[in-house]
Amino acid sequence: MNMLSEGRPTKQEDNLIMPDSTEPKTFTGNRALMVDEPLIFEIGSPDRSGVDLPEAPEVESRLGGLDRKTPIAVPGISEAEMVRHYTRLSRQNYAIDVGLFPLGSCTMKHNPRLNEKMARLKGFADIHPLQPVESVQGALGVINELAVWLIKLTGMHGVAMTPKAGAHGELCGILCIRAALEARGDAREVILVPESAHGTNPATAAFAGYKVEDIPANSDGRVDLEALKKRLGPDVAGVMITNPNTCGLFEPDMKAISDAVHAAGGFVYCDGANFNAIVGKVRPGDLGVDAMHINLHKTFSTPHGGGGPGSGPVVLSEALSPYGPLPFTARDADGHFRLIEEETADEDHPDSFGRMSAFHGQMGMFTRALTYILSHGADGLKQVAEDAVLNANYILRSLEDILDAPFAKSGPCMHEALFSDKGFANGLTTLDLAKGMIDEGYHPMTMYFPLVVHGAMLVEPTETESKAAIDQFIGAFRSVAGRAKAGDELLKTAPHFAPRHRLDETQAARKPVLVWTEPEDFAEAAE
Ligand SMILES: *Cc1c(COP(=O)(O)O)cnc(C)c1O
């Protein structure tokens with residue numbers, strides 16, 4: 001079958017570089033090495049296969065009449081076609097290995113290859129969580145050593161290693177707070193969360209059964225301490241505060257906030273997603289924090305994106321440590337590692353609130369994170385924070401003359417620079433600027449978050465970008481921001497150079513097409 005002319009829908013219209021340009025059309029719809037890849041179901045056909053299987057013998061079915069009556073709708077394609085399909089798709093994607101990823105709050109830093117090499121060692125990669133602990137002493141040792149580093153770096157008392165990501169860690173911390181309150185017979189109902197918080201914070205509190213109330217912010221973009229103090233009382237279980245916060249600012253009143261919350265009988269949860277900005281410089285334990293998740297996939301360079309794999313250990317204060325989840329590793333005086341589970345917990349850890357996940361946590365991520373920590377050392381980690389903050393301030397100061405930077409007057413930012421859409425020409429939005437950045441070859445920055453800034457753009461370069469890379473990004477950002485202010489109509493239809501152009505996001509949200517439906521010719525051919 002001629003794949004080009006028959007099997008695949010050509011999408012010349014969609015592939016024009018500009019809707020009205022005089023660019024020549026190609027026969028295939030492809031643009032040189034950028035190949036327009038249809039769905040695998042569209043290139044497949046039931047009469048082809050990547051393997052030759054012998055004819056199935058005629059045997060009486062053992063399925064009691066439940067046998068499939070219609071052919072299974074899997075694409076029949078050769079091995080070469082399949083390899084090409086996925087390779088082509090991967091080339092249409094953007095990744096940290098392709099270019100700078102300025103997503104604020106996400107800390108998209110380079111994933112060192114050394115981490116990958118360590119995680120692939122057979123002794124770490126080929127083990128199973130149900131193996132006898134005697135046969136995995138080294139792996140338990142890695143979990144334990146990482147735990148010790150996390151406790152030291154944060155100045156906390158204990159750590160729960162099992163949560164699988166930041167949001168899961170938040171739930172772990174809030175469940176510890178609830179267990180501690182229940183243990184003293186104190187049924188408090190409210191968790192206070194600032195308006196600028198990541199959506200996972202109020203979601204976590206609500207999921208754990210709490211009423212969520214706003215903590216007011218002051219005009220500097222920080223927690224309003226006096227307003228918070230007024231709201232504290234016997235119904236407040238705790239506060240969830242992000243520090244550095246999502247406006248890219250350090251909360252200088254953090255210790256005073258913790259003292260006030262503790263005096264009112266509550267607990268302090270810190271969202272530690274921004275730990276990258278302060279690792280090695282500030283210990284959250286010194287600021288009175290009771291629980292804080294650490295996104296290994298942000299601060300400690302383990303890969304993320306596309307939904308996984310995360311890892312979100314939670315460091316705990318002395319007050320909350322007894323309630324932390326099972327299982328965890330313990331090191332005996334002779335250096336032997338044990339796993340504390342339900343069977344042994346009665347002696348060692350009787351007040352645990354239970355289990356967050358089936359096994360020990362994300363082993364592959366633990367190995368990568370510990371490799372990163374050991375390859376930098378304590379001084380190197382301090383420099384990570386300093387360079388991340390320096391890079392973000394370089395971006396802030398290089399763009400504040402062209403873009404509104406709402407908090408730039410209150411001093412330097414931490415590891416991310418925040419801009420608003422103030423001054424854009426009528427009809428042009430943050431979304432248009434973001435799409436324009438795609439044409440410039442960048443993944444867009446975080447947009448419309450935090451909610452407290454209109455048309456927010458949150459840019460986080462991380463410490464792993466060179467000055468040359470940041471300068472080029474600034475140049476592109478300046479250019480697109482200038483077009484947004486000048487009212488360049490072409491921005492409204494950007495991206496023009498991407499495999500797909502502006503998609504109808506309302507339609508995608510309201511009427512998502514999530515299931516591939518079989519075209520008639522496929523069904524006919526299958527008969
Ligand atoms: C990333 C992030 C989270 C959630 O972490 P996940 O690992 O994505 O679940 C929470 N808060 C802030 C501020 C974040 O940036």
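Note: hydrogens, waters and symmetry copies are ignored here, and every other heavy atom, side chains too, is used. Both ligands and their constituent atoms are indexed starting at 1 by order of listing.
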Any donor-acceptor pair under 3.5 Å linking the side-chain atoms of Gln362 with those of Ser311? no
When you measure from the side chain of Asp387 to the backbone N and O of Val384, does any donor-acceptor pair fall under 3.5 Å? no
Do the side chains of Asp471 and Lys467 get close enough for a salt bridge, i.e. N-O under 4.0 angstrom? yes
Does ligand 1 have any N/O atom under 3.5 Å from a protein N/O, and what are those pairs and their distances?
from	atom 1	to	atom 2	distance (Å)
ligand 1	5 (O)	Asn295	ND2	3.0
ligand 1	7 (O)	Gly166	N	2.7
ligand 1	7 (O)	Asn295	ND2	3.1
ligand 1	7 (O)	His297	NE2	2.7
ligand 1	9 (O)	Gly166	N	3.3
ligand 1	9 (O)	Ala167	N	2.8
ligand 1	11 (N)	Asp271	OD1	3.3
ligand 1	11 (N)	Asp271	OD2	2.5
ligand 1	15 (O)	Ser105	O	2.8
ligand 1	15 (O)	Ser105	OG	2.7
ligand 1	15 (O)	Lys298	NZ	2.8

Using 30° and 60° as the class boundaries, would you call the ring planes of His443 and Tyr94 parallel, tilted or perpendicular? tilted
Considering only NZ, NE, NH1 and NH2 on the basic side and carboxylate oxygens on the acidic side, decide whether Arg355 and Glu341 come within less than 4.0 Å. yes
Is the His349 ring parallel, tilted or perpendicular to the Phe328 ring (thresholds 30°, 60°)? perpendicular
